[in-house]
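As a basis for the values below, the full set of heavy atoms in this structure was taken, side chains included, without hydrogen atoms, waters or symmetry mates.
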Amino acid sequence: MSTTESNGPIPAEQQAGHQPDHDADKPDMDAFAEKLGIVPEGEEPDDAPSVTTDRPASPTFAAIRARQRNFVIVSTVVVVGITLAGLRRLKRR
C-alpha cells in the first residue's frame with residue numbers, strides 16, 4: 001500500500017479543520033487531580049505539608065552542587081589552556 005493510494009472517504013471528524021467540543025487527548029484536570037489525591041487549595045488539612053516552605057538545602061546537595069561547579073570551572077580552564085597552547089604553536093610555525 002502506498003501513501004498516495006486512497007482507502008476511501010475520510011470521516012468528517014478526521015478531516016482538517018474539525019474541532020471537537022473538547023480536546024479528547026487532554027484529561028479532565030479535576031478528575032485527574034482527584035485520582036492523584038490532590039485537593040483544591042484551601043481544602044487541605046491543617047497538618048498537610050506545605051510545598052512553599054523554604055527549607056535549607058541538605059549538606060549532601062550543597063556538596064554535590066559545589067563539586068559540579070568546581071568541575072565546570074576546572075574543565076573550562078583546561079579547555080581554554082589547551083586552545084591557547086594550540087594557537088601559540090600555530091603562530092610559531
Can you list every side-chain hydrogen bond (donor to acceptor under 3.5 Å, both in side chains) pair that touches residues 62-74, not counting sequence neighbours?
Arg65-Gln68
For Pro9, which residues count as a side chain to side chain contact (heavy atoms under 4.5 Å, CB included) partner, sequence neighbours excluded?
none
Would you list the atom pairs, donor with acceptor, under 3.5 Å between side chains in residues 83-90 and any protein atom, with sequence neighbours excluded?
{"unit_1": "Thr83", "atom_1": "OG1", "unit_2": "Val79", "atom_2": "O", "d": "2.8"}

Who else is in the cluster with Val74 when I, L, V, M, F, W and Y are joined by side-chain contacts under 4.5 Å?
Val78, Ile82
The criterion is side chain to side chain contact (heavy atoms under 4.5 Å, CB included); which residues satisfy it with Thr76, sequence neighbours excluded?
Val72, Val80
